[in-house]
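Take a look at the structure set out below.
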Amino acid sequence: MPKVPGMVKGLGVTFKTMVDTLKPSGGPVTVPYPHVKEEPTARARGVIALHEDNCTACMLCSRECPDWCIYIEAHKTLAPPRRAGGKPRQVNALDRFAIDYSLCMYCGICVEVCPFDALFWSPEYEFSEVRIADLLHEKERLGEWMQTVPEFEPYEAGSEAKPKKVPAYDPR
Amino acid sequence: MTLTESQQLAYVAAQAADARVNLQFETDDGMTLNIGPQHPATHGTLRIIVRLDGEQVVRAEPYPGYMHRGYEKLCEVRTYPQVTTLVNRIDWLGSFANEVPFILAAEKLMDIEAPPRAQVIRTILFELSRMANVSLFLGDLGIQLGGITIGFYAFRDREFVLNQIESATGGRFHPNFDRIGGLKDDLPKGWIAETKRCMERMRTFCDQFETLVLGNEIFQARTRGIGVIPPDVARSYGLTGANIRGSGVDWDLRRDSVPPGLSYDKADWKVHTHPDGDSFARTWVRLQEVRESTLIVDQLLDAIPSGPVMAKVPRIIKVPEGEAYVATENPLGEMGYYVVSKGDLVPFRVKIRSASFNNISIVPWVTRGVFVPDMVTILASLYFILGDIDR
């Protein structure tokens, strides 16, 4: 029996792939993007959302950021006491919380170091701007991203970690 | 101000060195050709200046440095957890593999060992990033040689590997998932089953590649006997990874000296070598490497122990005084970090030994007397990533 040339065998592969895409189980592997959006996974690092109530302006995120793109300004104020008859508490009120996404490296260190769970990752990726200065998101815009934060996924069997809770979005 | 004669001469010599390329253009013997800085065969911005005699290469000299980002110096002003963000970007196709040796060096200095579950997951992600890296090489080699199809196939199946990396770490290209003393997070539910399906796909891709490209007569004619590197030359130029295994040297850090913190010993696999040392051998070895990687991942997925993924480490990481060198077998070859610590929050000095820089050092030797179209084959089969050369 004569040897089948390698090129013919190779064409068999391309032919089979072509037939596979025509099958109902196959189909195309790409999506026409602006019309159909691909869904990123829940853990995907798209944009950082801020839950303002949890933030105490402790500056940990802004200090740990590798390229220092988080800007925080706060002032001290007195909050009403927790129990009746107690002393008023001194708290930090957040004046400004901004992330400059033109500098951000999307490393996630700020989300990780936050001790009060004020920052969350959202898989949302459509926030490109025409002007680079518009990529500076102030706290109002960062707060709106909280709507897009998905619930934390449960863990694989054998894990000892517990999924965290995402606080409910409250529009201001 | 008047210059002395020696100063003038030194100035002229410096100018001449800067304009070396322009001077070469004006020489009479043969022709000078610039491959790059932007050329599809260079995976980035590498400039190779080639002196030609007709169609034959007299001498080719790589000029790296167009993508130098100063990571060794930047590491000195970043704390240990921040460094992983930077070193992700060295070899951008297999990012997770870049973090691991640095973290292992820091763990060695701090005398911490990651929990067994973290070690196994770390090894799985390491192999996934190897697949993402090498499958791009396999597709890209086809594109260099004029076959677009395999490029599309490679990108199609590589996407599934990247999806797995993303769903575990959150980042497709820059995972930043490895931490001193373990991992950032545990795996999400359903990841193991999905990864097994992905490994099936990768094995199908390997079979397709073997039939479509390796068995192709044109491919064989263009790669067999082209760019032969004998074993002793490969050793003397410091080649690592699949390049040296393609020359028949049985050398793999995953088997020979696996640093504590990775669990390759839990899987049963073997190292492939090819005696020829030509472009075909290097491609063949890389293809087998992807196959073995899928097998390693499959075995390790079944062997993930339960438990925590993070050891007890202080919140503010201060690494005690000392120095450590840890090297692992990265997709491109041996990658090592020499970390010197003075007991501070930041490393005192980090020397990064990346594989591609040594791998391209053989380009002047291996391209003597080859023809220009073969040069593209040789460059593609040596497989370097520009970020890995320049850091």
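All of these numbers come straight from a predicted model, not from anything done at the bench. All chains are named by letter (A, B, ...) in the order of the sequence lines, taking the proteins before the strands, and each is independently numbered beginning at 1.
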Exercise. Looking just at side-chain N and O atoms, do A:D95 and A:H75 make a donor-acceptor pair shorter than 3.5 Å?
Worked result: yes
Exercise. Heavy-atom distance under 4.5 Å to chain B: side chain of A:V13, backbone, both or neither?
Worked result: both
For this session: List the steps, then state whether side chain to side chain donor-acceptor pair (under 3.5 Å) holds for B:T123 with B:S263.
Result: CA-CA 6 Å; B:T123 317; B:S263 46; 3.3 Å; yes
Exercise. For chain A, which residues of residues 179-192 of chain B have at least one non-hydrogen atom nearer than 4.5 Å to it?
Worked result: B:R179, B:K184, B:D185, B:D186, B:L187, B:P188, B:K189, B:G190, B:W191, B:I192
Problem set entry | Residue among A:E52, A:E124, A:E129 satisfying salt bridge (charged side-chain N to carboxylate O under 4.0 Å, His left out) with A:R141 | A:E129
Seminar exercise, completed: What one should report as the nearest heavy-atom pair of B:E127 and B:V297 is CB-CG2, 3.6 Å
Exercise. Are A:H51 and A:F120 near enough that their ring centres are under 6.0 Å apart?
Worked result: no
Problem set entry | Which portion of A:V8 sits near chain B, non-hydrogen atoms under 4.5 angstrom | neither
Problem set entry | Under 4.5 Å from any heavy atom of chain B - which part of A:E156 | both
Exercise. Should we say atom CD1 of B:I218 is surrounded by more than 12 heavy atoms from elsewhere, each under 6.0 Å from it?
Worked result: no
Exercise. Among A:G46, A:A42, A:P154, A:P40, which has the most heavy-atom pairs under 4.5 Å with chain B?
Worked result: A:P154
Exercise. More than 12 foreign heavy atoms under 6.0 Å from CD of A:E126: is that the case here?
Worked result: yes
